[in-house]
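Here is the structure we will look at.
Chain letters run A, B, ... following the sequence lines, proteins first, then strands; residues in each count from 1.
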Amino acid sequence: MSKQIKLKEITSMEEDFGRWFTDICVKAKLIDYSGIKGFFILRPYGYALWERIMGELDKKFKETSHENVSMPLLIPESLLQKEKDHVEGFAPECAWVTIGGSEELPERLCIRPTSETLFCQHWANIVSSWRDLPCLYNQWCSVLRWEKTTRPFLRGREFLWQEGHTIHETGEEAEEETIRMLNIYADLCENILAMPVIKGRKTDKEKFAGAVDTYTIECMMHDKKALQSGTSHYFGDGFSRAFDVKFQDRENKEAYPHQTSWGMSTRIIGGIIMTHGDNNGLILPPNIAPHQLVIVPIAAHKGGVVEKAAELEKRLKKADIRVKSDYSDNSPGWKFSEWEMMGVPLRLEIGPRDIEENACVLARRDTGEKIKLGLNNLEEEVQKVLADIQNNLYNKALKNRDENSFEANSLEELKAIIEENEGGFVKTMWCGDRECEEKVKELTGISSRCIPFEQENLGESCAICGKKAEMSIIWGLAY
RNA sequence: CCGGGUGUGGCGCAGUUGGUAGCGCGCGUGCUUUGGGAGCACGAUGCCGCAGGUUCGAGUCCUGCCACUCGGACCA
């Protein structure tokens, strides 16, 4: 039908991807800047998005028997230092509280960058028997990491997340838990956020400080860079030993529980933006959109329009569609652009002409297509279109990933592909040596994303050193 | 942390050799409009990022700092 106007307020992603991203964050009213570097304000629309993600995850956590708790904000330095790798990993980006009231504190307190240490300390107090296990805990909170470079959603000094922490009788049980939670993240990404994921294990170089194994889901963004969208860690009994968490097992012997932790943060919102957004703004998959459909009344002053709009709103809400009506006195064109910028999947226009025909106009955010629609089966039709948008967004993202996924048999080839394509995923065989990984990083600037669960045999030798290959691995530029 | 860019009404910007802070949009009120960012009229809004310094006088010159932004390094 009519042409889409170009919104000058948003820098095009071809011109400058970074600016395009921050423009959307601001123009879609997701965030505002606070006065302190790296601290962002989540505005109602941004928070609504996070609330929906929380709702989806929290439901799944509870279905799998997890309980929510709340841990302190502050960690005494001595507690943080009990696990060597962990403190080395986090110390460089800790912020410290040194004064309480007007008194200098006897020991400085770290503002939590993550809460493994607090959970361990607590468990040491309350766990004594195998009957106390497993402990399946989660907390929704914010954490603080003093990052040097900050960007909305992708890297804040303070960010909202959930951190799950569990302890189990056996390593097998803990490993199962680690994978179970990774799968919950993957399901959220694929089914709700329409983001295809690659599941895999991090290399020793890339894994979490103090973990035995770190598992990850990796998504590809519009600019062909990878975003680690959720992680799940298996700790073995290392933390338990360091923090003296012990229990008496079924044979009446002293044992150390095996531990996991897993997290997903508001960073995933950055992922949604960079997976689905376009040059007119945000595009939200219907399954996560705070408003799935916005009703824009046309010539609302004319008789019957407001009443009709209200009637349709009521009908659609009854059918469990999340509807927003815009009765503001902005012009229709202004509203169209505004809600497009905000990424609402569907717009319903209703005006005097439609009322005469017992119809309305539906406009899709993903394709720009306008559909004239009779009102009789409105609810069903809207459901159908929403489902189609959800599918379309997933398929588009998958296509982008497939078109930018490659295989390489040598370091030169790997480098050439990444340079020529300006990003993407490249799969190679790998011997498993850290040296090879570091060599790739040094020579090409790219890092390993993961050792995918879905292993492939692309040859017998490591693409970097030529020695015998042990596994396939995926490389890429990362956020 | 290194390098580039930017800070002036809410937003985008202009501001000459230093001499009374301006424009557009938005905002408020009223009327007319309404199917892709509507029109007219009247009106309100400024620690010129912050702190020092030079000067009779600083948005403008000097020093330091802060924030935003892009790229790089670093990063679980």
Side-chain angles (χ1 to χ4, degrees), chain A residues 1-11 15-23 25-27 31-40 83 85-94 113-114 116 143 145-152 154-155 157 159 161 163 202-211 213-216 228 230-233 235 261-263 265 267 280-281 296-302 305-306 326-341 347-357 359-363 368 370 372 441-442 445 447 477-479:
Chain A
M1 283 190 168
S2 55
K3 249 187 282 174
Q4 300 244 327
I5 61 150
K6 280 274 171 290
L7 292 164
K8 295 213 178 73
E9 299 191 21
I10 297 175
T11 309
E15 190 187 329
D16 187 332
F17 194 82
R19 279 191 202 281
W20 168 82
F21 176 80
T22 45
D23 279 354
C25 292
V26 172
K27 297 288 160 35
I31 61 125
D32 189 23
Y33 292 96
S34 76
I36 312 169
K37 183 180 170 65
F39 290 77
F40 301 98
E83 214 284 343
D85 291 338
H86 189 66
V87 71
E88 276 177 17
F90 282 103
E93 43 186 13
C94 282
T114 179
E116 275 75 8
V143 287
R145 299 176 189 183
W146 212 255
E147 303 285 355
K148 288 169 183 164
T149 300
T150 61
R151 313 185 66 184
L154 301 176
R155 198 167 290 275
R157 285 178 172 173
F159 57 90
W161 76 345
E163 46 177 327
K202 286 286 186 190
T203 60
D204 284 352
K205 180 174 181 289
E206 297 288 327
K207 74 185 186 187
F208 182 83
D213 276 316
T214 288
Y215 298 95
T216 176
Q228 175 180 308
T231 47
S232 189
H233 314 289
F235 290 114
S261 82
W262 25 276
S265 73
R267 191 180 217 208
N280 287 330
V296 176
I298 308 292
H301 61 291
K302 291 200 176 144
V305 173
V306 171
D326 187 350
Y327 293 116
S328 69
D329 54 11
N330 293 311
S331 73
W334 193 92
K335 291 177 187 176
F336 295 171
S337 302
E338 179 77 358
W339 291 109
E340 270 161 23
M341 211 141 52
R347 178 179 73 242
L348 188 156
E349 301 168 24
I350 181 83
R353 294 210 303 262
D354 304 303
I355 294 175
E356 272 177 41
E357 300 168 44
C360 66
V361 173
L362 275 188
K370 281 196 179 190
K372 190 88 173 177
K441 176 82 191 178
E442 210 175 294
S447 54
L477 298 166
Y479 272 96

With sequence neighbours left out, write down each residue that passes side chain to side chain contact (heavy atoms under 4.5 Å, CB included) with A:S328, or none if nothing qualifies. A:D326, A:N330, A:K335
Looking only at atom C1', what distance separates B:U16 and B:G59, rounded to whole Å? 13 Å
Sequence-distant partners of A:S265, side chain to side chain contact (heavy atoms under 4.5 Å, CB included), two or more places apart: A:F159, A:W161, A:R267
Please name the nucleotide paired to B:C48 by Watson-Crick or G-U wobble geometry with both distances under 3.5 Å, or report none. none
Holding to side chain to side chain donor-acceptor pair (under 3.5 Å), I want the full list of residues that pass it with A:S447, two or more places apart in sequence or in another chain. A:R449
Across all chains, not counting sequence neighbours, the side chain to side chain donor-acceptor pair (under 3.5 Å) partners of A:W20 are none
Check step by step if side-chain contact (heavy atoms from CB on, under 4.5 Å) holds for A:I355 and A:I350. CA-CA 7 Å; A:I355 294 175; A:I350 181 83; 4.1 Å; yes
For A:F208, which residues count as a ring pair (Phe, Tyr, Trp, His ring centres under 6.0 Å) partner, sequence neighbours excluded? A:H86, A:F90, A:H233, A:F235
Roughly how many Å apart are B:C48 and B:G9, using the C1' atom of each and rounding to a whole number? 10 Å
Listing time: all N or O pairs from protein to nucleotides 24-35 of chain B that are below 3.5 Å?
{"unit_1": "B:U34", "atom_1": "O2'", "unit_2": "A:A299", "atom_2": "N", "d": "3.0"}
{"unit_1": "B:U34", "atom_1": "O4", "unit_2": "A:H301", "atom_2": "ND1", "d": "2.4"}
{"unit_1": "B:G35", "atom_1": "N7", "unit_2": "A:R353", "atom_2": "NH1", "d": "3.2"}
{"unit_1": "B:G35", "atom_1": "O6", "unit_2": "A:R353", "atom_2": "N", "d": "3.2"}
{"unit_1": "B:G35", "atom_1": "O6", "unit_2": "A:D354", "atom_2": "N", "d": "3.2"}
{"unit_1": "B:G35", "atom_1": "O6", "unit_2": "A:D354", "atom_2": "OD2", "d": "2.9"}
{"unit_1": "B:G35", "atom_1": "N1", "unit_2": "A:D354", "atom_2": "OD1", "d": "3.3"}
{"unit_1": "B:G35", "atom_1": "N1", "unit_2": "A:D354", "atom_2": "OD2", "d": "2.3"}
{"unit_1": "B:G35", "atom_1": "N2", "unit_2": "A:E349", "atom_2": "OE1", "d": "2.9"}
{"unit_1": "B:G35", "atom_1": "N2", "unit_2": "A:D354", "atom_2": "OD2", "d": "3.4"}
{"unit_1": "B:G35", "atom_1": "N3", "unit_2": "A:E349", "atom_2": "OE1", "d": "3.3"}

Taking atom P in both B:C47 and B:A21, compute the distance separating them and give it to the nearest angstrom. 14 Å
One pair to check against side-chain contact (heavy atoms from CB on, under 4.5 Å): A:K372 and A:E357. What are the steps and the verdict? CA-CA 10 Å; A:K372 190 88 173 177; A:E357 300 168 44; 3.2 Å; yes
Rounded to the Å, how far apart are A:K148 NZ and B:C74 P? 10 Å
Protein-nucleotides 39-45 of chain B N/O pairs closer than 3.5 Å?
none

Map A:A363 and A:T231 onto RNA chain B by nearest heavy atom, then report which one ends up closer to the 5' terminus. A:A363
Integer angstrom distance from the C1' of B:G26 to that of B:U45: 12 Å
Could you state the atom-to-atom distance from NZ of A:K335 to P of B:A38 in whole Å? 11 Å
Separation of the P atoms in B:C50 and B:G35, to the nearest angstrom: 44 Å
Any strand counts, and the cut-off is 3.5 Å on both contacts for Watson-Crick or G-U wobble. Which nucleotide pairs with B:G9? none
If you find the nucleotide of RNA chain B closest to A:F90 and the one closest to A:K27, which residue's nucleotide is nearer the 5' end? A:K27
B:C31 and B:G49, which share atom name P, separated by this distance in whole Å: 40 Å
Checking A:E83 side chain against A:D85 main chain: does a donor-acceptor pair fall under 3.5 Å? yes
Report the base-pairing partner of B:G59 (Watson-Crick or G-U wobble, both distances below 3.5 angstrom), or none. none
Using atom C1' of each nucleotide, how far apart are B:G19 and B:G57 to the nearest Å? 7 Å
Apply side chain to side chain contact (heavy atoms under 4.5 Å, CB included) to A:V87 and list each qualifying residue two or more places apart in sequence or on a separate chain. A:L80, A:Q81, A:A91
Test of understanding: with side chain to side chain contact (heavy atoms under 4.5 Å, CB included), list the residues that count as partners of A:K207, not counting sequence neighbours. A:K202, A:D204, A:T214
Round to a whole Å and report the spacing from CG of A:D326 to P of B:G36. 15 Å
Give none if B:A41 has no partner; otherwise give the nucleotide forming a Watson-Crick or G-U wobble pair with it, both distances under 3.5 Å. B:U29
Counterpart base for B:U16, defined by Watson-Crick or G-U wobble contacts under 3.5 Å: none
Suppose you measure atom P in B:C1 against the same atom in B:U55; what distance do you get, rounded to whole Å? 34 Å
B:G3 pairs with which nucleotide, Watson-Crick or G-U wobble, both distances below 3.5 Å? B:C70
A:S34 side chain to A:F39 main-chain N or O, any donor-acceptor pair under 3.5 Å? yes
Within the 4.0 Å heavy-atom criterion, would you say A:Q228 contacts the bases, only the backbone, or no part of the nucleic acid? nothing
Those residues at least two apart in sequence (or on a different chain) that pass side chain to side chain donor-acceptor pair (under 3.5 Å) with A:E349 are A:R347, A:K370
Rounded to the nearest angstrom, tell me the gap between atom CD in A:E93 and atom P in B:C1. 15 Å
Once side chain to side chain donor-acceptor pair (under 3.5 Å) is applied, do any residues pair with A:S232, and if so which ones, sequence neighbours excluded? none
Encode nucleotides 65-70 of chain B as B, S and - characters from 5' to 3', where the letter depends on protein heavy atoms closer than 4.0 Å: B to the base, S only to sugar-phosphate, - to neither. --SSSS
